[in-house]
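Data first, discussion second: the structure below is written as structure tokens.
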Amino acid sequence: MNRRAAQLLQWYDDHHRLFPWRVTPSERARGILADPYRVWLSEIMLQQTTVEAVKPYFQAFVARWPTVGALAAASDDDVMRAWAGLGYYSRARNLKKCAEIVANELNGEFPSTIEGLKALPGIGDYTAAAIAAIAFDRPAAVVDGNVERVVTRLFAISTPLPAAKSEIRAKVQAITPTNRPGDFAQGMMDLGAMICTPRRPACVLCPVNDDCRVLGEGDPELYPVKAPKKDRPVRQGAAFVAISSSGSVFLRKRPASGLLGGMAEVPCTDWTARRDGDTSADAAPFPARWSASGSISHVFTHFELRLSVYRAENVAEKIADNGWWASPDELPDEALPTVMKKAIAAAIPDAFKAA
DNA sequence: AATTCGTGGAC
DNA sequence: TGTCCAAGAAT
């Protein structure tokens, strides 16, 4: 094993983080293996998502669906409701599809190879390598944002991302040991999260600081170099919170694909246009006594949305169609993305407060 | 290669 | 307040 890997593994033994989906180094040494289902589920949830945000969702999912077969047997709507709030909802749709394939076509067992894993929906380069390494001890090159940062600093790779990805992957493959590749991968990610951080890295505590080219030559904070970001346009629209005489709220289901695909919403004007949408009550989906009820702002990855919120009370339930009425106690369990919860809360301030 | 996908926390 | 960014994938 190369010296860099040995030093990294020793550091991981001493300083690894503990997560509900993890097997510790000592457990692994005693032959306890990670459950591929839990590794897969956690890796999907962790895509572009912080550990702290994932924890409660992971616990809820494994408590409710302890096996891939149980998840495959769940309803799509139950999975989307359970995922609501975590973001990137195509992950939830692909999660369900993947569970069905594994349960129904692969005898309930995840593939152990990169190729087999990548063929499954929602599993790309990173996740395939991570599952292969962590769950099956394959010496796969696991490259996430942490590893990109660590490696561009270790080797002083100044090519901007994402063009540098292939070069980074080759470096990672070269230093990945055949012994304990899963612990090595997790160690590299822990190193990036705890020591080799984006700002103010703790280089003095780094187990491989003796081999870091950037530490010797310049400023680690300048790595990785990234391509400039696009600006974020502002879009506007209106949201309509219709309340029945019994206090129910009218919801619809969004189209299966695209932004917030398959999730629930209150009726809205179009906000796909780059110019301002119609923010007036004239754009209401059906006639009612609409009154302005404030506005909300919500930041998506590639645009910012400002919604004027209108509310109407004592709306006759039969006037609205292509949707359903959610009672006050049902509302918190609907598949409502955060932006929709904000809009409803603007009209009904205590809609999502604990009973 | 460039876009389109959420959300919340840190600074 | 604005900016970055967090275990990326699909198209």
Side-chain angles (χ1 to χ4, degrees), chain A residues 16-17 19-22 34 38-58 80 83-95 97-98 117-135 140-150 160-166 169 172 182 184-194 197-200 221 224 226-235 254-263 265 272 297-305 335-342:
Chain A
H16 60 88
R17 295 177 291 175
F19 298 130
W21 49 85
R22 253 192 189 173
R38 294 167 67 94
V39 174
W40 163 72
L41 178 62
S42 67
E43 291 300 343
I44 300 298
M45 288 183 166
L46 285 162
Q47 290 167 4
Q48 295 290 285
T49 308
T50 58
V51 163
E52 290 308 312
V54 164
K55 279 180 180 174
Y57 285 86
F58 178 83
M80 299 309 286
W83 195 277
L86 199 54
Y88 285 144
Y89 298 100
S90 66
R91 292 185 297 173
R93 302 193 296 270
N94 285 330
L95 186 82
K97 290 181 196 166
C98 183
L117 288 161
K118 273 194 71 173
L120 295 168
I123 298 182
D125 288 332
Y126 162 75
T127 305
I131 297 172
I134 297 170
V142 178
V143 185
D144 74 326
N146 289 302
V147 176
E148 286 177 346
R149 187 169 56 254
V150 170
L161 284 169
K165 280 181 178 294
S166 60
R169 182 174 311 282
V172 172
F184 178 79
Q186 295 176 95
M188 288 286 281
M189 292 190 279
D190 279 11
L191 186 71
M194 295 192 287
T197 49
R199 288 175 300 276
R200 298 179 63 84
E221 282 197 14
K226 295 191 175 181
K229 293 182 174 61
K230 280 180 47 180
D231 59 345
R232 182 150 45 203
V234 176
R235 300 180 187 175
R254 294 176 61 84
S257 62
L259 185 69
L260 310 178
M263 301 296 284
E265 66 172 1
T272 61
S297 180
H298 190 78
V299 179
F300 293 97
T301 303
H302 56 294
F303 68 95
E304 176 180 345
L305 178 64
L336 288 164
T338 298
V339 61
M340 291 300 158
K341 289 190 174 181
K342 282 188 188 177

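Quick note on labels: first sequence line is chain A, next is B, and so on, each numbered from 1.
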By nearest-heavy-atom nucleotide on DNA chain B, the more 5' of Leu336(A) and Ala163(A) is Ala163(A)

OH of Tyr126(A) versus C1' of dA6(C): gap in Å, rounded? 11 Å

Return the value, rounded to whole Å, for the distance between atom CZ of Arg169(A) and atom P of dA7(C). 16 Å

Say you pick atom C1' in dC5(C) and the same atom in dC5(B); how far apart are they, in whole Å? 16 Å

Under 4.0 Å, heavy atoms only, any strand: does Thr127(A) hit a base, just the sugar-phosphate, or nothing? sugar-phosphate

Of residues 185-194 of chain A, the positions that come close to DNA chain C - non-hydrogen atoms, cut-off under 4.0 Å: Met189(A)

The answer to which of Leu46(A) and Ile123(A) contacts DNA chain C further toward the 5' end, by nearest nucleotide, is Leu46(A)

Salt bridge present between Glu265(A) and Arg254(A) (N-O < 4.0 angstrom): yes

For Lys342(A) and for Pro162(A), find the nucleotide of DNA chain B with the closest heavy atom, then tell me which residue's nucleotide is more 5'. Pro162(A)

Within less than 4.0 Å of OP1 or OP2 of dA10(C), is there a side-chain N or O belonging to Tyr88(A)? no

Using the C1' atom in both, what is the distance from dG8(B) to dA10(C), to the nearest Å? 24 Å

Say you pick atom C1' in dG6(B) and the same atom in dC4(C); how far apart are they, in whole Å? 15 Å

For the ring pair Phe300(A) and His302(A), is the centre-to-centre distance below 6.0 Å? no

Check every strand shown and say whether Gly261(A) touches a base, only sugar-phosphate, or nothing at a heavy-atom separation below 4.0 Å. nothing

For DNA chain B, find the residues of residues 48-57 of chain A with a heavy-atom distance under 4.0 Å and give them by number; none if there aren't any. Gln48(A), Thr49(A)

Separation of the C1' atoms in dA9(C) and dA1(B), to the nearest angstrom: 15 Å

Set of residues satisfying side chain to side chain contact (heavy atoms under 4.5 Å, CB included) with respect to Thr127(A), sequence neighbours excluded: Glu43(A), Ile44(A), Gln47(A), Ile123(A), Ile131(A)

Rounded to whole Å, the CZ-P distance (Arg17(A) to dA7(C)) equals 7 Å

Contact under 4.0 Å: Arg149(A) side-chain N or O vs dA6(C) OP1/OP2: yes

